[in-house]
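Here the structure is laid out as structure tokens; the discussion comes afterwards.
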Amino acid sequence: MCGRFTLSATVDDLMAAFPMIRFANIETSPRGNICPTQQVLAVRRTETDAISACWFRWGLVPFWAKDLKIGASMINARAETIIEKPAFRTAFKKRRCLVLADGFIEWTGEKKARKPWNIAFADRRPMTFAGLWERWGEAENVVETCTIVTTTANDAMSKLHDRMPVILTERDHERWLDCSPCEPALLTEMLQPYSGSDLALSPIETALPKA
DNA sequence: CCAGACGTTGTT
DNA sequence: GTCTGG
DNA sequence: CCAGACGTTGTT
DNA sequence: GTCTGG
């Protein structure tokens, strides 16, 4: 799964890495270690068809939810069932996003001695997770939330876990964001475990900052 | 019909 | 043990 | 995901 | 909102 990730790249770094994304009004620098319910930097297609960066609270709150708290348990959406789950299927059809990151954290070992690992590209370039977003609440109380799609672990990751976030290639960025005709085959193809061989797994020795 | 859930993961 | 907050 | 709380009441 | 269980 993916219950914690990092974003340490500056907005300038991200603009250089993803020239097709508009970073209008995004000035805040990312803060490193990101936990559920915090703001994450993401990308969506706007009404004017631009591809723009924006902030979402991490933990998708379905529009019909009575309480914002439900988002805490909606931080991930399984790729295998995303089409049918009531909490995700509407967002899957209409509101897909990219979550910007430069690594994610997984733990190994037993409860008392859990060890965190950082997983990133070997060259440390930023990565994008497939995500869904949702709008909840009314008027001044509107909250926009998102979730990260997970899939089965690839070879490298299976040393640590059996699940991992869906890491999209640049080729798939627009295809994922374009929600119009959903071609199931295309989507299934995009939601596969990352197939590159350049993921670097590094143990984290220092205490995890709490953010 | 109404009431209640709607999610993922790891651990014991 | 289980929920909440970050 | 992990860390930390987990309760009620009345009085200052 | 929409489905499931009773």
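In what follows, chains are A, B, ... by sequence order, proteins preceding strands, each numbered from 1.
Taking atom C1' on both nucleotides, D:dT8 is separated from B:dA3 by 32 Å, rounded to a whole Å.
Under the salt bridge (charged side-chain N to carboxylate O under 4.0 Å, His left out) criterion, A:Glu106 pairs with no residue at all, not counting sequence neighbours. In this structure A:His173 satisfies the ring-ring contact (aromatic ring centres under 6.0 Å, His included) test together with A:Phe18, sequence neighbours excluded. The ring-ring contact (aromatic ring centres under 6.0 Å, His included) test applied to A:Phe5 returns A:Trp58, A:Phe129, not counting sequence neighbours. Residues satisfying the ring-ring contact (aromatic ring centres under 6.0 Å, His included) criterion with A:Phe121, sequence neighbours excluded, are A:Tyr194. In this structure A:Thr145 satisfies the side chain to side chain donor-acceptor pair (under 3.5 Å) test with no other residue, sequence neighbours excluded.
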Sequence neighbours left out, cut at 3.5 Å: what donor-acceptor pairs do the side chains of residues 77-85 of chain A make with other protein atoms?
{"unit_1": "A:Glu80", "atom_1": "OE1", "unit_2": "A:Arg163", "atom_2": "NH2", "d": "2.9"}
{"unit_1": "A:Glu80", "atom_1": "OE2", "unit_2": "A:Arg163", "atom_2": "NH1", "d": "2.7"}
{"unit_1": "A:Glu80", "atom_1": "OE2", "unit_2": "A:Arg163", "atom_2": "NH2", "d": "3.4"}

Listing, residues 62-70 of chain A side-chain donor-acceptor contacts under 3.5 Å, not counting sequence neighbours, or none:
{"unit_1": "A:Asp67", "atom_1": "OD1", "unit_2": "A:Lys69", "atom_2": "N", "d": "2.8"}

Let me have DNA chain C in dot-bracket notation, would you? Count Watson-Crick plus G-U wobble pairs, both distances under 3.5 Å, and use [ ] for pairs crossing earlier ones and | for inter-strand partners. ||||||

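Among the protein residues, A:Gly109 comes within range of the sugar-phosphate backbone only, with heavy atoms under 4.0 Å from sugar or phosphate atoms but none that close to a base. Nucleic acid contact class of A:Phe63 (heavy atoms, under 4.0 Å, all strands): sugar-phosphate only.
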What are the atom names and distances for every N/O pair under 3.5 Å that joins the protein to nucleotides 3-8 of chain B?
{"unit_1": "B:dG7", "atom_1": "OP1", "unit_2": "A:Pro86", "atom_2": "N", "d": "3.1"}
{"unit_1": "B:dG7", "atom_1": "N2", "unit_2": "A:Ser73", "atom_2": "OG", "d": "2.9"}
{"unit_1": "B:dG7", "atom_1": "N3", "unit_2": "A:Ser73", "atom_2": "O", "d": "3.4"}
{"unit_1": "B:dG7", "atom_1": "N3", "unit_2": "A:Ser73", "atom_2": "OG", "d": "3.2"}
{"unit_1": "B:dT8", "atom_1": "OP1", "unit_2": "A:Arg78", "atom_2": "N", "d": "3.1"}
{"unit_1": "B:dT8", "atom_1": "OP1", "unit_2": "A:Thr81", "atom_2": "OG1", "d": "3.4"}

